[in-house]
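Structure first, commentary second.
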Number of protein chains: 2
Amino acid sequence: MNYEEFQKCGARVTLSLLAGKWKPLILFYLFTGSQRFTDLWRIMPRVSKKVLLEQLKEMEEAGLIRRVEKNGFPPEVFYELSEQGRTLGPLLKQLDEWGDNYIQTKE
Amino acid sequence: MNYEEFQKCGARVTLSLLAGKWKPLILFYLFTGSQRFTDLWRIMPRVSKKVLLEQLKEMEEAGLIRRVEKNGFPPEVFYELSEQGRTLGPLLKQLDEWGDNYIQTKE
DNA sequence: CCGCATCCGTGGCGATACTG
DNA sequence: CAGTATCGCCACGGATGCGG
C-alpha cells in the first residue's frame with residue numbers, strides 16, 4: 001500500500017469523518033434521539049455556535065446526519081442520525097471499548 | 001454524558017491516538033513486520049523525517065510501538081508493534097471495512 | 001432560535017539544513 | 001542512518017456580533 005492508496009482506503013476515510021473535535025460527541029447525543037440545535041448547543045457549552053454548525057453541516061454533507069427544519073417563527077431545527085450514520089454504532093462501541101481497556105492498562 | 005466525561009471516554013481516547021496524519025499508515029506497515037526507520041521513510045515519500053519521528057515518538061510514548069536500536073555505525077533503528085499496538089488489529093479492520101462500505105454507497 | 005460574517009490564536013504539518 | 005534545529009504556512013477551532 002502506497003500513500004495514494006492509503007488516502008483512499010477505508011480506514012482513512014472513516015477516520016476523516018470522525019476527525020472533527022466535536023463530531024463523536026454529536027454522534028453520541030444523536031444516538032439518544034433527534035436533537036434540537038439549541039439543545040445540542042446547550043449540552044456542549046464550550047463550543048461556539050459557528051463551530052457546531054460547521055461540524056453539523058459537514059456531517060450532513062457526509063450523509064451521516066439529517067437536518068429537519070420546521071417552518072415558523074422562531075425557527076425550530078432538529079438534527080438526527082441518518083441510516084448511514086446509524087451504522088456507525090458498532091464502530092463507536094468498539095472504539096469506546098478499546099479505549100476503556102487501554103486506559104485500564106495505563107493505571 | 002457531558003464534555004468532561006466525553007474527553008475521558010474510551011472512544012475519544014482511541015481517536016486521539018489514531019489522530020496523527022500518518023499514524024494509521026505507520027500501523028498498517030508495522031503490521032507487516034518490524035521496519036527500519038529509513039525504510040518506513042522511503043515508503044512514505046511525502047512526509048518529512050521530522051514529522052515521521054514525531055509521530056513515531058508519540059506512538060512509542062502511547063505504548064503502541066517499540067523502538068529497537070542496534071548499536072553501531074551507521075545507526076540502525078527498527079520500529080515494531082507492541083502487544084498493545086497489536087490489539088488495534090480488529091479495530092483497524094473494522095474502520096477499514098466501514099469506510100469501504102461507505103465509499104460504495106457514495107458511488 | 002438559527003445561521004452567517006469577521007477576525008484571530010494556535011498547533012499540526014512541511015521544507016530545509018545541520019550534527020553525531 | 002537517525003535525529004535535531006529553525007522557520008513558515010494554513011486549516012481548524014474559538015470569540016463576538018449581526019440579521020432573518
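Residue numbers begin at 1 in each chain, while the letters A, B, ... track the order of the sequences. Given the structure is predicted, the values throughout are model-derived calculations rather than measurements.
In this structure, A:Trp41 is not a member of the same hydrophobic cluster as A:Phe78, with clusters built from ILVMFWY side-chain heavy atoms closer than 4.5 Å.
Among the atoms of the strands shown, only primed sugar atoms or phosphate atoms (P, OP1, OP2) are found under 4.0 Å from some heavy atom of A:Val77.
Each of D:dG14, D:dG3, C:dG14 was ranked by its minimum atom distance to the side chain of B:Phe37; first place goes to D:dG3. Distances from the side chain of B:Tyr79 to the nucleotides D:dG3, D:dC1, C:dT16 place D:dG3 closest.
Of the side-chain N and O atoms in B:Arg42, none sit less than 4.0 angstrom from OP1 or OP2 of D:dA2. OP1 or OP2 of C:dC2 has at least one side-chain nitrogen or oxygen of A:Thr38 nearer than 4.0 Å. Neither OP1 nor OP2 of C:dC2 sits under 4.0 Å from any side-chain N or O of A:Arg67. Remark: B:Arg36 is in phosphate contact with D:dA2, judged by side-chain N or O atoms under 4.0 Å from OP1 or OP2.
Residue B:Glu54 contributes atom CD, which lies 8 Å from atom P of C:dC13 at whole-angstrom precision. B:Trp41 has its CH2 atom 11 Å from the P atom of C:dT16, to the nearest Å. Note: CG (A:Leu18) to P (D:dC12) measures 15 Å, nearest angstrom. Between the P atom of D:dC12 and the NZ atom of A:Lys49 lies a distance of 22 Å, rounded to the nearest Å. Across the protein-nucleic acid pair, B:Gln55 atom CD and D:dA2 atom C1' stand 17 Å apart, rounded to whole Å. In this structure, the CG atom of A:Leu56 is 11 Å from the C1' atom of C:dC2, given to the nearest Å. Atom CD in B:Glu60 sits about 15 Å away from atom P in D:dA2, given to the nearest Å. When rounded to the nearest whole Å, the span between NZ of B:Lys21 and C1' of D:dC9 equals 13 Å.
Looking at heavy atoms from C-beta onward, A:Tyr79 lies out of side-chain contact with A:Val68 at the 4.5 angstrom threshold. With contacts defined as side-chain heavy-atom distances shorter than 4.5 Å, the pair B:Leu92/B:Phe31 qualifies.
Between the A:Thr14 side chain and the B:Leu95 main chain, a donor and an acceptor come within less than 3.5 Å of each other.
The stretch residues 96-107 of chain B participates, sequence neighbours left out, in these salt bridge (charged side-chain N to carboxylate O under 4.0 Å, His left out) pairs: B:Lys93-B:Glu97.
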Test salt bridge (Lys or Arg N to Asp or Glu O under 4.0 Å) on B:Lys57 and B:Glu61 and set out the steps.
-> CA-CA 6 Å; B:Lys57 201 166 193 177; B:Glu61 281 164 4; 5.4 Å; no
Decide yes or no on salt bridge (Lys or Arg N to Asp or Glu O under 4.0 Å) for A:Arg36 and A:Glu76, but give the supporting numbers first.
-> CA-CA 7 Å; A:Arg36 193 169 176 179; A:Glu76 216 175 340; 3.8 Å; yes
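Annotation: the terminal axes of the helix from C:dG3-D:dC18 to C:dG20-D:dC1 meet at 40°, where each axis is the rotation carrying the C1' atoms of four end pairs onto the next four (5 pairs per end, rounded to 10°).
Put simply, the side chain of A:Lys50 and the base of C:dG3 share no donor and acceptor less than 3.5 Å apart.
Projected onto DNA chain C by closest heavy-atom contact, B:Val47 and A:Pro75 fall at different nucleotides, the more 5' of which corresponds to A:Pro75.
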